[in-house]
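Heads up: the structure comes next, in structure tokens.
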Amino acid sequence: MAPTPRFSSDKVTVVFVLGGPGAGKGTQSENLVRDYGFNHLSAGDLLRAEQVREGSEYGELIRHHIREGTIVPMEVTVALLSNAMAAILEENSSKTTPARFLIDGFPRQIDQAHFFEETVCVSKLVLFLVCPEEVMLGRLLKRGETSGRDDDNIESIRKRFRTFEQTSMPVVREFEEKGKVISVQATGSKEEVYERIQSELKAKGVDAL
Ligand SMILES: Nc1ncnc2c1ncn2[C@@H]1O[C@H](COP(=O)(O)OP(=O)(O)O)[C@@H](O)[C@H]1O
Ligand SMILES: O=c1ccn([C@@H]2O[C@H](COP(=O)(O)OP(=O)(O)O)[C@@H](O)[C@H]2O)c(=O)[nH]1
């Protein structure tokens, strides 16, 4: 028998934000948090916090995968996301009912998508930021001047691009077949991209607060 997800869709609305490394997922998520009352969970940020958490048994494992641009085993990432959602719901700090969650940079592999939807909750939409590699490369190298991230260097970036094409694009295609994907061109200024996102969300019946 299939497991029951931890959160039902009358309690939570989940929107995944996907796109290649440097497509602008974090940047546009900030806009959506401000205007739509989303709670923002970045899978990468949660993993980086766990990597440096004192006493974590996963620190070295996470460090290795992030530097190699490969995917951390899904049990680790899904537990971090699920617990972060539970903490937000417990604080009852959400501005909307159902509580809106924007999950950025996840799922990046098909088994993660299935495991999350079976055990945590079913997603409503996927916002997919479409961006050519040369644009993402330029943005990441610039971000690398100040980000301090282990993976904003040319070797890791090349590996992340490969993982994105080979492992993460199949996730986008599967959600596309279910009619859940909003694709937005992520080139041009941050403001232009955000305007495109807003008009697509409106068309899907997701309104700003
Ligand atoms: N439309 C844009 N034009 C120029 N730079 C951008 C744009 N969107 C994001 N950036 C910058 O590119 C870098 C990567 O964006 P970020 O939101 O961190 O991407 P992701 O979360 O997809 O890796 C950041 O330094 C960000 O400020
Ligand atoms: O569900 C996830 C999300 C991220 N990562 C790891 O975290 C890195 C950075 O992801 P993030 O979304 O922070 O940044 P991006 O690569 O999109 O700029 C990835 O390359 C992966 O190694 C992962 O293993 N599983």
Side-chain angles (χ1 to χ4, degrees), residues 1-19 23-26 28-50 53 58 62 65 71-129 164 167-184 197-198 200-209:
M1 210 171 75
T4 309
R6 183 172 181 181
F7 307 112
S8 65
S9 43
D10 53 327
K11 290 238 164 51
V12 302
T13 300
V14 166
V15 174
F16 293 131
V17 184
L18 297 179
K25 300 181 293 297
Q28 298 302 333
S29 293
E30 275 181 34
N31 289 330
L32 292 165
V33 167
R34 185 190 60 226
D35 297 337
Y36 290 74
F38 278 106
N39 299 285
H40 178 212
L41 298 177
S42 156
D45 285 351
L46 287 169
L47 288 167
R48 282 182 286 274
E50 178 66 17
R53 187 175 64 82
Y58 302 117
I62 294 171
H65 282 289
I71 312 290
V72 175
M74 66 180 176
E75 288 77 9
V76 177
T77 314
V78 172
L80 290 171
L81 286 169
S82 181
N83 292 339
M85 288 173 72
I88 289 168
L89 290 170
E90 254 165 53
E91 275 172 29
N92 207 9
S93 52
S94 187
K95 292 185 188 145
T96 60
T97 311
R100 292 177 171 178
F101 286 95
L102 205 57
I103 301 190
D104 143 18
F106 175 94
R108 283 172 128 93
Q109 190 164 306
I110 209 81
D111 60 348
Q112 283 184 330
H114 296 164
F115 184 57
F116 183 91
E117 294 213 313
E118 280 163 17
T119 62
V120 183
C121 68
V122 177
S123 62
K124 181 180 170 73
L125 287 174
V126 175
L127 174 60
F128 176 46
L129 299 180
F164 175 68
T167 310
S168 306
M169 274 311 291
V171 178
V172 177
R173 285 193 281 268
E174 185 172 298
F175 281 120
E176 252 163 9
E177 282 163 19
K178 294 183 180 160
K180 282 193 187 181
V181 177
I182 298 178
S183 288
V184 173
I197 292 173
Q198 285 184 293
E200 292 293 334
L201 284 177
K202 197 162 190 227
K204 285 274 182 185
V206 182
D207 292 316
L209 294 185

Do [X] and [Y] touch side chain to side chain, with heavy atoms closer than 4.5 Å?
| X | Y | answer |
| --- | --- | --- |
| L32 | L127 | yes |
| S123 | F175 | yes |
| N31 | R34 | yes |
| K25 | F106 | no |
| D10 | P98 | no |
| V172 | V126 | no |
| P107 | E117 | no |

What distance separates [X] [atom1] from [Y] [atom2], expressed to the nearest 0.5 Å?
| X | Y | atom1 | atom2 | answer |
| --- | --- | --- | --- | --- |
| N39 | I103 | CG | CD1 | 10.0 Å |
| F115 | T119 | CZ | OG1 | 4.5 Å |
| F38 | T13 | CZ | OG1 | 8.0 Å |

Self-check item: Shortest non-hydrogen separation from V17 to S29 and the atoms involved
Solution: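 That would be CG2-OG, 4.0 Å.
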Quiz item: Which heavy-atom pair separates C121 from V14 by the least distance, and what is that distance?
Solution: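 So the minimum-distance heavy-atom pair works out to SG-CG2, 3.3 Å.
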Self-check item: Contacts of type salt bridge (Lys or Arg N to Asp or Glu O under 4.0 Å), residue R53, not counting sequence neighbours
Solution: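 Only E50 meet the salt bridge (Lys or Arg N to Asp or Glu O under 4.0 Å) criterion with R53.
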Exercise. Output yes when a side-chain donor or acceptor of Q28 lies under 3.5 Å from a complementary backbone atom of G24, and no otherwise.
Key: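 Side chain of Q28 to backbone of G24, a donor-acceptor pair under 3.5 Å: no, none is there.
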Exercise. Could you give me the CA-CA distance, side-chain angles and deciding distance for I88 and L41, then say whether side-chain contact (heavy atoms from CB on, under 4.5 Å) is met?
Key: CA-CA 10 Å; I88 289 168; L41 298 177; 4.1 Å; yes
Practice problem: Would you indicate whether Q198, at its atom CD, is surrounded by more than 12 heavy atoms from other residues, nucleotides or ligands within a distance under 6.0 Å? | Solution: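 More than 12 heavy atoms, drawn from other residues, nucleotides or ligands, come within 6.0 Å of this atom.
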Run the side-chain donor-acceptor check on residues 201-209: report pairs under 3.5 Å with partners two or more places apart or on a different chain.
none

Quiz item: So, for F16 and F116, is the gap between ring centers shorter than 6.0 Å?
Solution: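 Yes, close enough.
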Side-chain donor-acceptor pairs of residues 71-85 under 3.5 Å, sequence neighbours excluded:
from	atom 1	to	atom 2	distance (Å)
S82	OG	R6	NH1	2.7
N83	OD1	R6	NH1	3.2
N83	ND2	A79	O	3.2

Self-check item: Verdict with reasoning, E174 to I110, per side-chain contact (heavy atoms from CB on, under 4.5 Å)
Solution: CA-CA 8 Å; E174 185 172 298; I110 209 81; 3.3 Å; yes
